[in-house]
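Below is one structure, written out as structure tokens; comments come after it.
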Protein chains: 2
Amino acid sequence: MRVSTAQDEQLAELGQQLRVDAIRAADAAGSGHPTSSMSAADIAAVLLARHLHYDFDRPEHPGNDRFVLSKGHASPLLYALYRAAGAIDTAELLTFRSRDSRLEGHPTPRLPWVDVATGSLGQGLPVGVGMALAGKHLDKVPYRVWVLSGDSEMAEGSVWEAVEHAAHERLDNLTLIIDVNRLGQRGPTRHGRDLEAYARRLEAFGWHTLRIDGHDTAAIDAALTDAAATTGRPTAVIAGTDKGHGVAAVEDKEGKHGKPLPDAEEAIRELGGVRDATVEAAPPHEAPRRTGRAGGGLELPVYAEGDEVATRDAYGEALAALGTARDDVVVLDAEVGDSTRADRFEKEHPERYFQCYIAEQQLVAAAVGMAARGWNPYACTFAAFLTRAHDFVRMAAVSRVSLRLAGSHAGVSIGEDGPSQMGLEDLAMFRSVPGSTVLYPCDAQATARLVAASADVPGIVYLRTTRSGTPVIYGPGEEFPVGGAKVLRSSTRDRACVVAAGITVHESLEAARILEREGISVRVVDAYSVKPVDTAMLQQAADETGCLITVEDHRLEGGLGDAVAEAFADGRPVPRLVRLGVRGVPGSATGAEQLHAAGIDAESVAAAVRLLVAEAMVSP
Amino acid sequence: MRVSTAQDEQLAELGQQLRVDAIRAADAAGSGHPTSSMSAADIAAVLLARHLHYDFDRPEHPGNDRFVLSKGHASPLLYALYRAAGAIDTAELLTFRSRDSRLEGHPTPRLPWVDVATGSLGQGLPVGVGMALAGKHLDKVPYRVWVLSGDSEMAEGSVWEAVEHAAHERLDNLTLIIDVNRLGQRGPTRHGRDLEAYARRLEAFGWHTLRIDGHDTAAIDAALTDAAATTGRPTAVIAGTDKGHGVAAVEDKEGKHGKPLPDAEEAIRELGGVRDATVEAAPPHEAPRRTGRAGGGLELPVYAEGDEVATRDAYGEALAALGTARDDVVVLDAEVGDSTRADRFEKEHPERYFQCYIAEQQLVAAAVGMAARGWNPYACTFAAFLTRAHDFVRMAAVSRVSLRLAGSHAGVSIGEDGPSQMGLEDLAMFRSVPGSTVLYPCDAQATARLVAASADVPGIVYLRTTRSGTPVIYGPGEEFPVGGAKVLRSSTRDRACVVAAGITVHESLEAARILEREGISVRVVDAYSVKPVDTAMLQQAADETGCLITVEDHRLEGGLGDAVAEAFADGRPVPRLVRLGVRGVPGSATGAEQLHAAGIDAESVAAAVRLLVAEAMVSP
């Protein structure tokens with residue numbers, strides 16, 4: 001059937017079909033969230049049959065609406081909807097949650113109709129904001145972004161970052177539907193069935209709101225029509241519903257969260273049995289094919305060897321140049337673009353620069369949304385503050401999107417601002433992201449090259465920059481492949497190899513000069529690619545020198561030292577390993593004082609090498 | 001002087017003194033944020049002289065008000081206030097931002113009057129909510145919590161989690177003062193000087209709001225009086241101010257953020273010169289001395305060896321028992337207490353159980369606020385969702401507070417729910433926290449003991465639990481010292497040592513049984529204390545077996561494998577090391593299927609040992 005011209009009772013029937021299918025899926029799996037699916041079934045039915053513009057045969061169509069199920073635990077509803085759309089069949093529906101099934105416990109983009117993974121609550125709206133921004137300012141296609149969220153997740157601060165951002169950006173192509181079913185997993189939500197509580201808050205931020213009975217298909221239809229017709233601001237449809245609607249054994253009852261229905265067969269009977277309606281959604285919006293990359297080759301900035309240039313400066317300058325060469329590159333700022341130097345891009349390409357204010361979850365979520373729409377986002381703030389968005393980074397990896405995150409003001413070397421501003425855990429955080437790439441250049445030249453290279457690296461790329469100036473040590477022709485490292489000093493007499501990255505490369509070079517005067521020759525390696533690390537080079541250095549010393553402006557746990565150790569995690573004989581890094585909580589001091597106090601300056605490196613070399617002579 | 005009875009002009013004078021001192025401090029340091037201090041100087045003056053109940057000689061007095069400078073970059077203002085209160089002298093003021101000075105770039109509790117570190121924006125209000133909850137429900141002392149925040153930081157979602165929470169809890173002992181100076185670090189804020197924009201939002205959440213001219217001391221005084229007199233809801237004083245107020249060269253001008261004034265001498269002249277008023281704040285509120293711990297010894301649950309018990313169950317049961325033995329223990333939940341089993345505590349001690357709903361930043365922030373008030377908080381949610389609060393954990397370490405965080409549903413073994421719900425990065429995150437303790441018990445007995453032991457461990461303690469049942473392998477008399485490990489199988493014929501924690505301990509024991517049948521003897525270690533790890537035992541195992549294999553239900557980066565490798569980071573010869581852990585992004589499957597797919601089940605461990613032992617024979 002094509003329900004767009006259908007009667008309300010057909011919509012109600014479709015809602016029942018979705019309920020039945022959600023129950024069947026969870027029953028087959030023996031787990032899952034049928035009751036949370038049943039509350040939103042009528043909403044989903046009306047959305048699919050009357051409002052969603054989507055070609056399920058061509059999920060990549062640029063004119064498709066986007067549907068984000070923020071309450072990802074209600075995945076049975078989503079999969080029931082896919083069956084109603086003819087995208088999957090009953091047999092597949094019943095593979096729910098089983099090994100190798102695409103129908104996972106929470107939706108992921110293993111399914112071609114899922115843009116982003118959900119299941120960590122409070123992420124759908126912020127990511128939807130990113131998609132809506134892309135629709136309005138980048139794609140310039142009138143697709144609509146529909147976000148279906150639960151009521152419990154409205155407690156997440158990330159939702160309110162998005163509420164603020166969407167209103168500020170006047171995202172009238174974004175609709176939030178809140179399934180207010182009153183019950184969270186352990187009992188009543190904070191606001192219960194007080195629809196007005198949600199409306200009051202959203203309106204204060206500038207949203208258009210509608211309160212409806214979420215089981216009245218005509219009311220749902222009218223609200224979604226109203227939302228689509230509203231201009232100048234986003235719309236929230238606040239729908240009062242019953243968890244487990246339609247089945248007396250579970251309807252609006254506590255203790256029924258996240259489990260199959262006690263008697264699925266009886267419940268399906270109560271709902272009128274299995275149905276097999278197929279619904280054709282409205283066709284995609286007209287969308288001009290996006291033009292390819294802008295012409296013009298990439299003209300990266302060039303730095304003179306010996307000049308002192310902060311890598312954050314090179315980052316901003318390279319980003320601006322990259323934006324000229326490639327029109328898919330977009331940059332997002334969290335109100336610190338003058339510090340991260342992302343504002344260099346803003347000056348050249350203001351139309352592709354997005355200000356997210358001090359809201360790091362929204363910063364990363366917007367980048368995820370844009371990446372899901374095919375853009376190439378670079379999101380930037382202080383390395384320390386990216387920890388705010390850790391859960392969004394984690395979920396971005398599950399979403400398998402490709403995006404670039406840059407953290408400035410790495411390490412104790414920032415100096416006087418003190419520990420709150422120091423990125424000291426960022427390498428640990430980004431190394432633990434599956435499939436991530438972690439880059440930490442030591443000079444302007446390397447930074448510029450890596451900014452450009454990162455644009456084509458799949459997955460999540462993290463690039464770490466330094467606040468203060470560091471000498472340019474590489475010539476303009478130098479290449480920096482991801483996964484590589486540079487041997488900066490080497491001889492056949494090397495008694496140890498110092499492995500550094502970023503600012504400690506310069507300290508290590510100075511340490512090597514000090515030691516050379518004492519007759520101790522050490523190798524120095526710039527491990528600019530922290531993940532993947534250059535295993536072959538490290539193994540060679542270990543074979544030839546027997547001792548590796550890692551030096552990092554980062555905590556000892558999870559950073560460069562661990563990365564280097566992992567190069568020997570294949571069972572091969574391991575060299576002696578010593579790690580220098582930041583212990584404890586620093587205070588205020590100059591950058592040089594901080595490096596010394598942390599034991600990662602040239603003198604400290606030299607001292608560590610002397611000790612290690614002496615020990616190696618005693619017990620070789 | 002005692003300004004509480006003083007005239008408005010004396011308050012204005014005090015405001016000028018604070019401005020002058022902020023300028024002097026930043027000028028001496030050569031960096032810092034004088035203009036952000038100057039906008040809030042009149043507010044601080046009136047607060048100190050007329051409203052703050054505080055004995056600067058006895059910062060530990062339980063009846064003191066709490067003052068949280070959420071806009072921590074305005075530290076020069078705070079330090080100027082301390083001078084006006086007679087707590088520091090001019091000489092110390094001028095040590096601002098220098099090495100070893102207590103007056104850091106952003107305030108930390110190295111100063112006895114600072115309860116919690118600030119500088120990561122958007123944290124003051126959520127932490128203040130924790131303090132206000134403690135005042136109302138735990139200390140039961142009528143101290144007031146004053147939070148001074150900037151306008152830019154109102155974009156942080158964490159602020160809105162706190163706004164919601166404070167209104168819901170009717171925290172009339174909490175006052176938020178927003179210094180709306182219109183300018184962020186890179187230009188105008190989102191709402192500029194639109195005080196109404198902030199008021200509308202806060203009122204929608206149920207706050208009492210007042211809009212004032214933040215440079216009118218009489219208006220400030222009236223507003224703070226009104227705030228203190230308002231009952232049943234928190235109050236926000238929204239103060240319109242000028243950044244750099246009082247000095248024409250910088251007042252309300254862009255580009256003047258975060259740097260000393262261009263001509264400090266001239267600015268001080270313009271402000272009327274240096275002043276030396278000393279102000280006595282009002283005395284602390286009456287506070288009954290808190291009674292010591294509740295009587296009654298600790299009666300931990302006991303589990304029978306061989307029974308299958310989930311460590312999360314043991315966690316909840318032990319927590320309830322601990323709460324009976326100690327009345328300083330409080331528990332915080334993020335609407336998943338039935339999953340983490342924290343609800344066992346709620347049943348026994350509802351008056352010390354705090355529901356934070358799905359707002360993990362507020363969850364941890366409330367715990368930080370309570371810890372700063374001397375309570376012993378245990379905050380619990382899924383391990384995966386603690387990543388939401390990463391920045392709060394990071395700052396808690398800078399605040400040097402002691403608190404316990406528990407993450408349930410660790411690893412792929414949760415099964416069908418899929419990757420969004422799996423804690424796979426939590427060990428990496430918590431290991432990188434300075435001074436942290438990371439515990440990961442494998443059975444109910446160990447869990448109960450570690451819950452109890454953690455109550456007296458200083459700093460941030462993380463405890464990781466497993467969703468599914470695991471066999472009890474320890475007897476009731478077993479002790480689990482922090483920093484220890486257990487050798488579960490050992491012989492003189494051991495060819496390798498498998499180091500596991502949590503669920504992989506059981507897989508490793510099974511692997512050892514399989515290998516034993518093949519004539520390969522392996523040692524098995526339960527590294528329940530991941531940080532600090534039992535270095536001595538690992539070194540001994542390495543010496544005796546030559547090969548270590550780590551097995552963890554966590555990513556390869558930053559977890560147990562890295563912890564074990566660090567036991568050899570002192571330059572000693574390193575054993576062969578092999579790591580088994582989770583690579584890539586899992587889908588849905590049963591727990592057993594997940595462990596197998598990740599290569600961390602018994603069969604996989606056995607296969608790895610076989611390979612390693614064979615290799616060792618080829619190249620010993």
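Below, chains carry the letters A, B, ... as their sequence lines are ordered, and counting in each starts from 1.
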For each of [options], tally heavy-atom pairs with chain B at distances under 4.5 Å, and name the one with the top tally.
options                        : answer
A/G418, A/A563, A/P419         : A/P419
A/V582, A/T590, A/D570         : A/D570
A/Q362, A/R110, A/E153, A/H165 : A/H165
A/E416, A/R102, A/H33, A/E203  : A/E416
A/L424, A/D417, A/V433         : A/D417
A/H73, A/H257, A/M395, A/Q421  : A/Q421

Looking at A/R186 and B/D338, is any side-chain nitrogen of the basic one under 4.0 Å from a carboxylate oxygen of the acidic one? no

Should B/R579 and A/E566 count as an ion pair when the cut-off is N to O under 4.0 Å? yes

Contact origin within [X] toward chain A - heavy atom pairs under 4.5 Å:
X      : answer
B/D333 : side chain
B/D562 : both
B/R394 : side chain
B/Q361 : side chain
B/A384 : both
B/S120 : both
B/F96  : neither
B/A397 : backbone
B/V336 : both
B/R400 : side chain
B/P575 : backbone
B/Q123 : both
B/T550 : neither
B/R555 : side chain

Of the backbone (N, CA, C, O) and the side chain (C-beta and beyond), which part of [X] lies under 4.5 Å from a heavy atom of chain B, both, or neither?
X      : result
A/E360 : both
A/A117 : neither
A/P107 : neither
A/S75  : neither
A/S101 : neither

Judged by atom type as modelled, is there a donor-acceptor pair below 3.5 Å linking the side chain of [X] to the main-chain atoms of [Y]?
X      : Y      : result
B/R431 : B/G558 : yes
A/S436 : A/F430 : yes
B/S158 : B/G122 : yes

Heavy-atom check, side chain of [X] versus side chain of [Y], under 4.5 Å:
X      : Y      : answer
A/V609 : A/L612 : no
A/V578 : A/L548 : no
A/I549 : A/L580 : yes
A/L363 : A/Y357 : no

Can you tell me if B/H191 and A/E164 form a side-chain donor-acceptor pair at under 3.5 Å? yes

For chain A, which candidate among B/E425, B/E156, B/E161, B/R200 shows the most heavy-atom pairs at distances under 4.5 Å? B/E156

Only pairs of heavy atoms separated by less than 4.5 Å count here; which of B/A389, B/G587, B/G337 has the most with chain A? B/G587

For B/H168 together with B/F205, are the ring centres under 6.0 Å from each other? no

